[in-house]
Amino acid sequence: MAQPYNHRAVEEKWRKHWEEHPVNVNDGKKPKYYCLDMFPYPSGSGLHVGHWRGYVISDVWSRYKMLQGYYLIHPMGWDAFGLPAENYAIKMGTHPSITTAENIKNIKKQINQIAAVYDWDMEVNTTDPAFYKWTQWIFVKMFKAGLAYEKEMPINWCPSCKTGLANEEVVNGCCERCGSPVTKKDLKQWMLKITEYADRLLNDLDKLDWPEKVKKMQTDWIGKSYGAEVDFPIEGREEKITVYTTRPDTLYGATFMVLAPEHALASSLASEETRDIVDKYIFDSSMRSNVDRLQDKEKTGVFTGSYAINPLNGAKIPIWLSDYVLADYGTGAIMCVPAHDDRDFEFATKFHIPIVQVIAKDGQEIEHMTEAYTEASGTMINSGEWNGMESAVLKKEAPMIIEKMGIGKKTVNYKLRDWVFSRQRYWGEPIPIIHCPECGAVPVPEEDLPLLLPDVERYEPTGTGESPLAGIEDWVNTTCPCCGGPAKRETNTMPQWAGSSWYFLRYVDNKNDKALVDKEKARKYLPVDMYIGGVEHAVLHLLYSRFYTKFLYDIGAIEFDEPFTKLFNQGMITGKNGIKMSKSKGNVVSPDDLVRDYGCDSLRLYELFVGPPDLDSEWDDTGIDGVYRFLNRFWKMAMDNKDKDVPETPELTKTRHKLIYDITQRLESFNLNTVVSGFMEYNNKLIELSRKTGVDKTTLETYTILLAPFAPHIAEEIWEQLGHTDSVFTQAWPEYDEEAMKEDEIVIPVQVNGKTRCTISIAVNVPKEDVLSLAKDTLGDRIKGTIRKEIYVPGKIVNIVAK
RNA sequence: GCCGGCCUGUCGGAAUUGGCAGACGAGACGGACUCAAAAUCCGUUGGUGGCAACACCGUGUGGGUUCAAGUCCCACGGCCGGCACCA
């Protein structure tokens, strides 16, 4: 009688063994495969079953690639700077460097429970000076390239986190981290010119094997639009107002103009009569927060008292101010065509401004418009020499026409803004800049990097817009590397995204102090072939990383300009009713007890079995019994057969090839939940065969190799029990033979009028006529009426149509 | 408002190009083993009607295409996610 499966002993045994005998080795000959997880920030609360999922998926894929003969790059590290780590430290009253180190230790232990094949020699930590030396180096390079610049402007400010935020970090007007409403604050900020890369970031999406959803989100975020800038003279003044429009075809329909209250000319356009209300409007707008502006859709506005001249037809149109026009997009001023734009229509209706239709809708001019006609399709009307043209054609040509006329120019615009890069917080990389009264902003010389984050007593945010570093006089006061005169250090730190924008390059050469990554190693091991993580970084980390990679490519530090060839976003594991797992909700499921009671292999399988890997899944503890029973049944079947010397039968051969085929197909298409059910199905089949003929050794071995990426411990143990002294992971992924899978006899359904009535069993190459007559014989008098049509889809189905 | 995804038994979920809907698992019920329980093993499990063979209904709703629709087309509803006055 075989011993029952003891997961604790077996897993413990192989855990130790693999530590001493790593299975992923670089022999210098194998091609590389780089499979990367989004690295975690070392939080104090530890891992829950949701975190496991992504790591299990990437590990299964990694081990599969290993069995396919690749040398695997599968590293892990820590995104340890930033707000979460700092806030945790403040809450605990302990310095972030201490809590971070503790948290890393704990999480590493928890990650090791997964038994993933991480290569810990490659570990990186963004808070390690040897690492952030290069984070700072990249900043200096960007500064020298003119991509990092300082600007005083109103930026997004989180009053709770007490720091400025990038646009990408503001979600529905609130802080991405803490959910507090974001306000505006005038601050001198370091900015990165990501907009300079807008076109490349947009165009290169085409060459990426990424989920369409993420590409779409990045496309929308970059938000490229084509249009024209048109200059409108102001009546009685020298200046012109330039507007940006994507619909220059509707220029004749412009009946008013609106400027953002922050527009440079806004106040000066007021007349004596309107002076008071104009200034009040400008003041009131400046007091309104982002959230207010977003929530109040009801349009407000004031007439300035001035008029602009439509450069096409000389029409005099009133100039208004309204906060529905954004100051920092386009020119901060728009021409308004109420007949063909919803917002302009709403505004014109509210303030009784004329509406002039310039595109015929369904060939008609509408007497009283009740809504804007926004499509660019129809014939131009009321448009002078443009009358009769097709609006779709004109929309494309108008920018050139306008340019030729000298009243404007063809142009493009982006929603993407430059990246607000300074944070007024302690726990981040100090920005390596020295402010000299003589020389201006001077970068810290590259040979002086890293610029260490000073150890301080007080690291709480000040809330004033000053960084906590500003209070450390002997650190702040320094000398200018340029002129040697007294100077002050920049006291802002970098955002958390700084380290995560390039960390994946460092793994393959994490100890190099001469370069960010050695060229030769980069050529050999980079870029990332498969990147696995949650979708929440679609326009944050994933956009920033692409920007950094392109920059590093441009300065010749690396030789590729896209970091992640393929991307997979795993779905979230939620608690009951789809509620996100969180401490405050009390629905966090810890993997620790599950690993103890069911084993690592069971939990790995169940993480996959819960549902399709790309969709969110609700966690339900009771389901893990199913995979646990499966492993025990597989163990028993294997133990029952391993010493029996069962000869291979045609049925066993066929089953084995079909097994390889099914598992490989499902794995390749990333249907990992169905891979697990496939293993169960074939195990049931083998148990059945085991009773009939027994199961031969080749089939047992094949099954074991296939299972190894999913349940490595039990597979390794069975592999040994089957008489092998080497690791199952030194084997090659089995191949199937289509010929060997073919059945000689197949069962096909027979339908009458599309409803299945019976099945018939036929040999594969039976001619149509014979199949049909067998079908009709089997059906007998169940065919009612006369036969109108007989359909036979070879190998699939018979359908008799009768009436 | 715009864009994307999803909707299938009691539950999680399966279903290459349209071809036996409900694989696999959970739960439940029945049986074997046991003094008993757990574990394990065997069986049943979409609904309605029927002793039964079988028949009818059934993949969010309504319509359509087709010999055949969960799958394709049109309209509508619900849930989730992204963007949101970007001119």
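Per chain, numbering begins at 1; letters A, B, ... match sequence-line order.
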What pairs with [X] under side-chain contact (heavy atoms from CB on, under 4.5 Å), at least two apart in sequence or on another chain?
| X | value |
| --- | --- |
| Lys395(A) | Arg247(A), Asp249(A), Ala376(A) |
| Asn684(A) | Arg633(A) |
| Ser669(A) | Asn671(A) |
| Pro248(A) | Ala228(A), Thr245(A), Ala398(A), Pro399(A), Ile402(A) |

Work out how far the [atom1] atom of [N] is from that of [M], and round it to whole angstrom.
| N | M | atom1 | result |
| --- | --- | --- | --- |
| rC7(B) | rA14(B) | P | 9 Å |
| rC20(B) | rA68(B) | C1' | 12 Å |
| rU10(B) | rU61(B) | C1' | 23 Å |
| rC57(B) | rA21(B) | P | 13 Å |
| rG1(B) | rA84(B) | C1' | 8 Å |
| rC74(B) | rC3(B) | P | 14 Å |
| rG64(B) | rU48(B) | P | 29 Å |
| rA23(B) | rC11(B) | P | 15 Å |

Taking N or O atoms only and anything under 3.5 Å, show me the protein contacts with nucleotides 16-20 of chain B, one pair per line.
from	atom 1	to	atom 2	distance (Å)
rU17(B)	O4	Lys796(A)	NZ	2.6

Subject >> Nearest listed nucleotide, side chain of Tyr244(A), among rA87(B), rC57(B), rC67(B) >> reply: rA87(B)
**OP:** For the side chain of Arg757(A), starting at C-beta, report the closest nucleotide among rC83(B), rC56(B), rC85(B).
**Re:** rC56(B)
Mind checking salt bridge (Lys or Arg N to Asp or Glu O under 4.0 Å) for [X] and listing every partner two or more places apart, or none if nothing turns up?
| X | value |
| --- | --- |
| Lys768(A) | none |
| Asp593(A) | Arg596(A) |
| Lys692(A) | Glu651(A) |
| Asp621(A) | none |

Take atom [atom1] of [X] as the centre, draw a 6.0 Å sphere, and report whether it contains more than 12 heavy atoms from other residues, nucleotides or ligands.
| X | atom1 | result |
| --- | --- | --- |
| Lys240(A) | NZ | no |
| Lys350(A) | NZ | yes |
| Lys224(A) | NZ | yes |

Subject >> Reported CZ-to-OH distance for the pair Arg8(A) and Tyr598(A), which is rounded to 0.5 angstrom >> reply: 11.5 Å
Atom pairs under 3.5 Å: protein N/O with N/O of nucleotides 2-8 of chain B:
from	atom 1	to	atom 2	distance (Å)
rC3(B)	O2'	Lys216(A)	NZ	3.1

Mind calculating the distance between [atom1] ([X]) and [atom2] ([N]) to the nearest angstrom?
| X | N | atom1 | atom2 | answer |
| --- | --- | --- | --- | --- |
| Met637(A) | rC41(B) | CE | P | 13 Å |
| Ile687(A) | rC41(B) | CD1 | P | 8 Å |
| Lys755(A) | rC54(B) | NZ | P | 16 Å |
| Tyr324(A) | rA84(B) | OH | C1' | 16 Å |
| Arg788(A) | rU66(B) | CZ | P | 16 Å |
| Asp614(A) | rG13(B) | CG | P | 12 Å |
| His263(A) | rA87(B) | NE2 | P | 17 Å |
| Glu298(A) | rA84(B) | CD | C1' | 18 Å |

**OP:** Heavy atoms under 4.0 Å is the rule here; annotate nucleotides 22-30 of chain B 5' to 3' with B where the base is hit, S where only the sugar-phosphate is, and - elsewhere.
**Re:** -BBSSS---
Original post:
Think Lys299(A) forms a cation-pi with Tyr324(A), using NZ or CZ under 6.0 Å from the six-ring centre and within 45 degrees of its axis?
Top reply: yes
**OP:** State plainly whether the residues Lys654(A) and Glu743(A) are in salt-bridge range, i.e. N to O under 4.0 Å.
**Re:** yes
Subject >> Contact nearer the 5' end of RNA chain B, comparing Asn753(A) with Tyr226(A) >> reply: Asn753(A)
**OP:** Determine the contact category for Ser225(A): base if any of its heavy atoms lies under 4.0 Å from a base atom, sugar-phosphate if only primed atoms, P, OP1 or OP2 are that close, otherwise nothing.
**Re:** sugar-phosphate
Original post:
Dot-bracket for RNA chain B: what is it, with Watson-Crick or G-U pairs under 3.5 Å, [ ] where a pair crosses earlier ones, and | for a pair to another strand?
Top reply: (((((((..(((......[....)))((((((.......))))))((((....))))..(((((..]....))))))))))))....
**OP:** Spell out, as yes or no, whether a donor-acceptor pair under 3.5 Å connects the side chain of Ser391(A) to the backbone of Ser377(A).
**Re:** yes
Original post:
When syn is taken as a glycosidic angle within 90 degrees of 0, is rG43(B) syn or anti?
Top reply: anti
Original post:
Would you say rA87(B) has OP1 or OP2 under 4.0 Å from some side-chain N or O of Tyr329(A)?
Top reply: yes
**OP:** Determine whether the side chains of Asp662(A) and Tyr736(A) contain a donor N or O and an acceptor N or O closer than 3.5 Å.
**Re:** no
